[in-house]
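Heads up, the thing below is written out as structure tokens.
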Amino acid sequence: MSLSWMAWTWPTATFFIVIALLLISMGVWEYFSPGGHPRVGILRFETTRGDRLFVSLLGSAFIHLAWLGLVGPNLWWALALSIVYAIGVFRLV
Amino acid sequence: MNKTLNNKAWFMVLPVLVLVAFSAVIPLMTVVNYSVQDTFGSNVFFWAGTEWFQEILASDRFWAAMGRNLVFSAIILAIEVPLGIFIALNMPRKGWGVPVCLVLMALPLLIPFNVVGTIWQVFGRIDIGLLGHTLAELGVNYNYVNNPVHAWVTIILMDVWHWTSLVVLLCYAGLVSIPDAYYQAAKIDGASRWAVFRYIQLPKMHRVLLIAILLRFMDSFMIYTEPFVLTGGGPGNTTTFLSIDLVKLAIGEFNLGEAAAMSIIYFLIILVMSWVFYTVMTNYGTERR
Amino acid sequence: MAVKNQTATTADRVAAGTSENASGSAKSQEELGQLMLKRGTQSRFWWLVPTIYIVFLMLPIYWLINMSFKTNGEILSTFSLWPQEPTLRNYMVIFTDPSWYSGYINSIIYVVLNTVISVSAALPAAYAFSRYRFLGDKHLFFWLLTNRMAPPAVFALPFFQLYSAFNLIDTHIAVAIAHCLFNVPLAVWILEGFMSGVPKEIDETAYIDGYSFPRFFVKIFMPLIASGIGVAAFFCFMFSWVELLLARTLTTTAAKPIAATMTRTVSASGLDWGVLAAAGVLTIIPGALVIYFVRNYIAKGFALGRV
């Protein structure tokens, strides 16, 4: 059984490792302070840490896509914007 | 129900996790890998970066297919949901009529998708189909193969035929769970038919209705087999939905990178919409309790 | 239950439809009295709407059955509402040609395999979701559901690669496992709903009585949610039976489903309308049988146990 058909590249591997690390650290955080710190933010319903991470990641994906479609292929600015957005989500939502 | 905290429950979820992860996570990772590369087959890949994404986002073909998908889902929901509620309200609640209605109405749901396509393909033909022949006799120049409008009408009619029963059965399940006492109370209050619907039946159906809308939206947004069999995406590209375009790209043109990039955009859009629906659904549930 | 808003218009009432269970009683008011009269006549025609709808559903199916009993010559030359020279030739073709009838056997094998795998994997998971809180439970549940929502077209290509790597192409188990992608989440969702309806005290009493967990689960708990298991199995059967895209991608000959056999034959041998219709009719029959057996649970099951 070979895995060559999966066509791994370093950038995509890094991407998935980062996601996996995020999930693991969320798990550890949850383990040491259970409950997920629920609160009602600007979206007017209760969210936990996990929800906020999900909203950040999904939003970042769309920020990157919008940047590609509207501005250009230099995604570092989109990444910076996504991080700002993620911080906003964790503070406000 | 107040649940106890027990992290050992993870072991009970493990089989499901392994089973679904095998079929979901590995393919999803592969799609992401493909989306940044180009290939000419035999597992030789070249780095392409974000090229495919840019190409997809700038392509009229993609946005046209996306537009068709959205219009289709909107039309489907606008027809099937009210029609489904209306039929569910008129279904018998007891007696011999109940099993007859349920069995006959559920029948289209269990027909394989491509057979549904075949049934309507035959049914709509002018020479041998009942619908096509009748319309031709009535003087309608009906032709779903060449006329885009007719193709759309036929696909929508087919989908209404295929899936309205799902909405009906869901709403019916919500309706039969209303205790008779509610109706008696309404009778004593002298409530009108509309008031009964608005204040007794609709709230009870709210949850199942959300499930119905969620399922119908998802399934109509990823429709593939039925229109593919019926029209093959034509005439021209007028009934080419995202899934059809995707399969054309991936298998027909073996354009893996572009197909993968398209898959990811498609999946992200579905993910956002599912999340919105799901959040609305679960939060509605907690507010009520 | 507050019942307000008694001044709705007639149009609203008509739009809302009628039902026998609900009726007003404000006899003194002339307008309402008239409405009741109207409703009385309407309720005698309660069967009208379901009948029209069922006729609409049955017409295309009838047409297929009609065609399956005609010869090709008759289908193409004359237009008739029922077969003029009824023939069983089309069915004979299917039942005597292994490439046709093996399609049915293949479909049934992988559908049954999938139903068994999905339900047995979903049972403990649904129990965990309905009884316990654990790390990331809500997100896990949502992640499972997203797989129900992912279009099969997205996965078709990597699926082929993945199952080739495991040497599973063209086996029944490959299709059964692939269909778990959308059937397991659905089964978990349905079973979780049914299990949440069983009071927790039953679990606790059983443990006090000295039942071990597996024994309690099989002897006490599973009979309590038997209808839920039936409904979940029904849904798994249904979605596995009707799905074609993945089934066709993962099979070539040995495990080819009947639905795929149909598409191939249509394109290859010209258009044998009679055989095509007969094959279509035969794909409807297993579904019809399954519905008949679970008819009493359908309404409940469509509510996914959570009304």
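If you're wondering where the values come from, they're calculated on a predicted model, not measured in any experiment. We name chains A, B, ... by the order of the sequence lines, and we start the count at 1 in each one.
Atom-to-atom distance recorded for B:Met12:CE and C:Phe134:CZ is 9.5 Å, nearest 0.5 angstrom. Atoms OG1 and CG, from B:Thr164 and C:Leu57 in turn, are 8.0 Å apart once rounded to the nearest 0.5 Å.
Both the backbone and the side chain of B:Ile87 come within less than 4.5 Å of a heavy atom in chain C. Both the backbone and the side chain of B:Leu157 come within contact range of chain C, judged by heavy atoms closer than 4.5 Å. In this structure, the portions of B:Phe22 lying under 4.5 Å from any heavy atom of chain C include both its backbone and its side chain. Only the side chain of B:Ile270 comes within contact range of chain C, judged by heavy atoms closer than 4.5 Å. With a 4.5 angstrom heavy-atom cutoff, C:Phe237 touches chain B only via side-chain atoms.
The side-chain contact (heavy atoms from CB on, under 4.5 Å) with B:Val16 is formed by just one residue from the set C:Leu123, C:Val184, C:Leu140; it is C:Val184.
In this structure the side chain of B:Ile111 reaches within 4.5 angstrom of the side chain of C:Ile61, judged on heavy atoms.
Across all non-hydrogen atoms, the minimal contact from B:Val31 to C:Pro158 is CG2-CG, 3.5 Å. For the residue pair C:Trp143 and B:Val20, the shortest heavy atom distance occurs at CH2-CG1, 3.9 Å.
Applying the salt bridge (charged side-chain N to carboxylate O under 4.0 Å, His left out) test to pairs two or more places apart or on separate chains, those with a residue in residues 140-162 of chain C are B:Asp219-C:Arg148.
Taking the six-membered ring where the residue is Trp, B:Trp163 and C:Phe239 present parallel rings, their angle staying beneath 30° rather than reaching 60°.
Judged as a ring pair (Phe, Tyr, Trp, His ring centres under 6.0 Å), and not counting sequence neighbours, the contacts of C:Tyr127 are C:Phe213, C:Phe217, C:Phe221.
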